[in-house]
Amino acid sequence: MDRQDGNAVETGADGDEAWWKSAVVYQIYPRSFADSNGDGVGDLDGITSHLDHLVELGVDVLWLSPVYPSPQADNGYDISDYQDVDPLFGDLAAFDRLLAAVHARGMRLVMDLVVNHTSDRHPWFQESRDPASPKRSWYWWRPPRETVDPNAADPTAVDPTAVDPTAVEPPAAEPNNWGSFFSGPAWTYDGASGAYYLHLFAPGQPDLNWENPEVRQAVYAMMRWWLERGVDGFRMDVVNLISKDPALPDGPLRGDGLYGDGSPSYLCGPRVHEYLQEMHREVFAHHPGRLLTVGEMPGVTVEQARLFTDPARVEVDMVFQFEHVSLDHGPGGKFDPRPLRLTDLKASLARWQQGLADTGWNSLYWNNHDQPRIVSRFGDDGPRHRVRSATMLATVLHLHRGTPYVYQGEELGMTNAPFASIGDFRDIEALNHYAQALAAGQEPERVLRGLRAMGRDNARTPMQWDATPGAGFSTGTPWIAVNPNHTTVNAADARRDPGSVYHHYRRLIALRHSEPAVVHGDFTPLLPEDERVYAFTRRHRGTTLLVLGNFTGEHVPVDLPPHWRGAELVLGNLPAAGAEGPAGPGPGTTTVLAPWEARVHRITATAGESTR
Ligand code: NOJ
């Protein structure tokens, strides 16, 4: 993509040259990025003042997590006004300044769109609490269930964090047995209404009823308003949950033994494709070729993703799938992690690469604001291997076919945080899980171990700009503690060190922009049974790239096909080529990868030659 003249090369979501295929997206979690006014919370002016870091990194698109007015029950994923900015982050004027500054630097800005649910403080929801209101059917209100199936989950089990203080009398039972994603039931009783409302997430996040065409039109109008203001697309929060089976039937008991799993009734529900096609017609079609749309889709399968991203169906450009970031979840779920098997990771990503090879497009990510830091998760965050393993992981990811997403701090090799006690956590998911697990008799230290490894707060500690006490994030008291390792892991030091994680990301992004095989090449997995080495090729016209990543702290020999002998090393992560092993595949057909080493080799065929 020509970064200074992006519009010139756009052909739209249905063209082969869609600009976002060669783009790299950088996610900003505004709360934790840069605080310009010393209140301990990041803000829009803070982002504007750090844009040059992103320009030098080379990214094309910024995705902002929500900055709309919100009670912040889920850090802004609970929106009370879709067409304004929360004073915590600034105002619409600050937003317009940021957008203009982003565009002036040849980048684009994508907003988070959270329309599976609103905040319970949204005027739509407040109005809907009156049973006679025309907005009643904008949400999922249901009367208490009087008769209770004795085989269902305990209908009286109540999460103390989910109790509605306005309830005037105890309800008979929730309308169905569904549990929420944030512990406790998916229903809260509202005394003023005499009914329960559905919330797949926190009680402060009631689900919108997309069956109602007025809801859909209100959402589309709001989306058009942002696009007319100049934003360049949307990352669409849990958008495969918007269509629900209106019968809302009980689900099978979940692993926690407390609640039913409602997902068969709402994961990629009956009308989801119809809604997304309607959204495309009503909103995206007015801006042909200009936008990037990515749907966050928990539980989506490759087959479903093909449908969502098939350009001929005009739904979304790409989806965020969750398979590869669920492979280390244990029998007790995400907070019961188990070690990753590399062969599982390779098999999963290869299926997605192959499943979307001809139709559709992949997004590529290790990190976002919901995932623990990748270097702590699949790499080694100790001082000896942090840089090497972070750069190896980056290389492997960015050389896949798809659009890579970099989450703030990932380009510095930021690590998980040393949370000492539950008091150090801020995330509603972590706090509710802790309360529910302890109430169920689990041992606190064991629960904390799960939260330390997998908790979302790991991603949300402040961006580490420099080694000063506030890490250059804030002059005030940050809303969540700065990771003490900011004295050695920070942007200022990384920018000065050519061997840093930051400069490696810069080189990877530059390679994507200069080497068409990175964007367009086909994908062939190699060594699928090897538990230590990740290997694949990408082939485009006469060029083949060979990508190797050592997922261990040991030296590992790799046998290569003979034609890779002496191939050019395009990119590697050793301090100096050859310092710890042969720079190229060497004279034989066996090469030895240093601990956590990554390499990208290239061969270019002369006419008629195969480069496989
Ligand atoms: C997915 C978002 O990424 C996450 O942060 C949020 O808690 C849920 N959706 C609910 O909006």
Side-chain angles (χ1 to χ4, degrees), residues 25-33 42 63-80 82 86 110-122 125 139-140 161-162 178-184 186 188 197-208 210 219 234-242 244 262-263 266-268 272 293-300 316 318-322 325-326 333-335 363 365-373 405 407-408 410 425-433 451 454-461 479-480:
V25 184
Y26 186 94
Q27 182 192 353
I28 293 178
Y29 196 65
R31 244 181 188 279
S32 305
F33 192 66
W63 149 29
L64 283 196
S65 278
V67 292
Y68 316 95
S70 162
Q72 304 288 323
D74 185 20
N75 288 0
Y77 283 89
D78 49 320
I79 296 169
S80 53
Y82 285 110
D86 196 295
V110 162
M111 298 290 275
D112 222 303
L113 179 81
V114 188
V115 290
N116 172 69
H117 44 269
T118 67
S119 163
D120 62 348
R121 311 280 171 79
H122 196 292
F125 182 75
Y139 293 85
W140 297 95
T161 62
W178 297 358
S180 90
F181 287 109
F182 289 160
S183 305
T188 288
Y197 65 90
L198 176 70
H199 53 84
L200 295 182
F201 294 90
Q205 295 168 296
D207 282 55
L208 281 165
W210 277 67
V219 168
F234 295 101
R235 173 272 184 186
M236 299 147 75
D237 192 70
V238 291
V239 77
N240 65 329
L241 272 49
I242 57 178
K244 286 144 184 123
S263 65
Y266 59 70
L267 275 192
C268 299
V272 67
T293 59
V294 49
E296 188 208 25
M297 300 201 178
V300 71
V316 294
M318 55 193 122
V319 307
F320 288 135
Q321 55 96 4
F322 282 69
V325 289
S326 307
K334 102 173 196 183
F335 293 120
S363 67
Y365 76 95
W366 290 136
N367 272 121
N368 59 44
H369 63 291
D370 295 331
Q371 300 293 333
R373 293 284 180 179
Y405 288 71
Y407 177 68
Q408 65 185 44
E410 184 183 334
F425 289 88
R426 297 287 176 274
D427 176 20
I428 185 171
E429 181 191 47
L431 300 177
N432 286 1
H433 170 74
L451 292 178
M454 301 301 279
R456 307 194 298 180
D457 280 330
N458 284 303
R460 301 174 180 188
T461 60
W479 68 276
I480 187 170

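Note that the structure is predicted; figures quoted are calculated from it, not measured. First listed ligand is number 1; within each ligand, the first listed atom is number 1.
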field: Positive for side-chain contact (heavy atoms from CB on, under 4.5 Å) with W210, one of V272, L241, V115
entry: V115
statement: Of all protein heavy atoms, the one nearest atom 8 (C) of ligand 1 is F201 CE2, 3.8 Å
field: Donor on one side chain, acceptor on other, T188 and H199, under 3.5 Å
entry: yes
- prompt: Which atoms of ligand 1 have any heavy atom of V238 under 4.0 Å away?
  reply: 9 (N)
field: 4.0 Å heavy-atom contact, F182 with ligand 1
entry: yes
- prompt: Has R121 got more than 12 heavy atoms of other residues, nucleotides or ligands less than 6.0 Å from its CZ?
  reply: no
- prompt: What protein heavy atom sits nearest atom 1 (C) of ligand 1, and how far away is it?
  reply: D237 OD1, 2.9 Å
statement: Interatomic distance, CG@D207 vs CG@N116, rounded to 0.5 Å, equals 4.5 Å
- request: Tell me which part of H199 gets within contact of ligand 1: side chain, backbone, both or neither, using heavy atoms under 4.0 Å.
  value: neither
query: Is any side-chain heavy atom of E429 closer than 4.5 Å to a side-chain heavy atom of K334?
result: yes
task: Determine whether any heavy atom of E429 lies closer than 4.0 Å to an atom of ligand 1.
output: no
query: Are Y139 and T118 linked by a side-chain donor-acceptor pair shorter than 3.5 Å?
result: yes
task: Heavy-atom contacts with R456 under 4.0 Å: which atoms of ligand 1 show up? List them by number with element.
output: 4 (C), 5 (O), 6 (C), 7 (O)
query: Going by the atom numbers of ligand 1, which of them fall below 4.0 Å from some non-hydrogen atom of R235?
result: 2 (C), 3 (O)
message: Give me the nearest non-hydrogen protein atom to atom 3 (O) of ligand 1 as residue plus atom name, then the distance to 0.1 Å.
response: D370 OD2, 2.4 Å
- prompt: Given that the side chain starts at C-beta and the backbone is N, CA, C, O, which of these parts of Q371 lies under 4.0 Å from ligand 1, counting heavy atoms, or is it both or neither?
  reply: neither
field: Interfacing atoms of ligand 1 (cut-off 4.0 Å, heavy-atom, R460)
entry: 5 (O)
- request: Could you pull out the closest heavy-atom pair between D78 and N75, with the gap in Å?
  value: OD1-N, 4.0 Å
message: Heavy-atom distances under 4.0 Å decide this one: backbone, side chain, both or neither, for E296 against ligand 1?
response: side chain
statement: among protein heavy atoms, the one nearest atom 7 (O) of ligand 1 is D74 OD2, 2.5 Å
query: Will you find, in the side chains of R235 and Q27, an N or O donor that is under 3.5 Å from an N or O acceptor?
result: no
query: Would you say the side chains of Y77 and S70 form a donor-acceptor pair under 3.5 Å?
result: no
task: Determine whether the side chain, the backbone, both or neither of Y29 has a heavy atom under 4.0 Å from any heavy atom of ligand 1.
output: neither
query: What are the atoms of ligand 1, with element, lying closer than 4.0 Å to any heavy atom of H117?
result: 10 (C), 11 (O)
message: Does the Lys NZ or Arg CZ of R31 fall within the cation-pi geometry relative to W479 - under 6.0 Å from the ring centre and within 45° of the axis?
response: yes
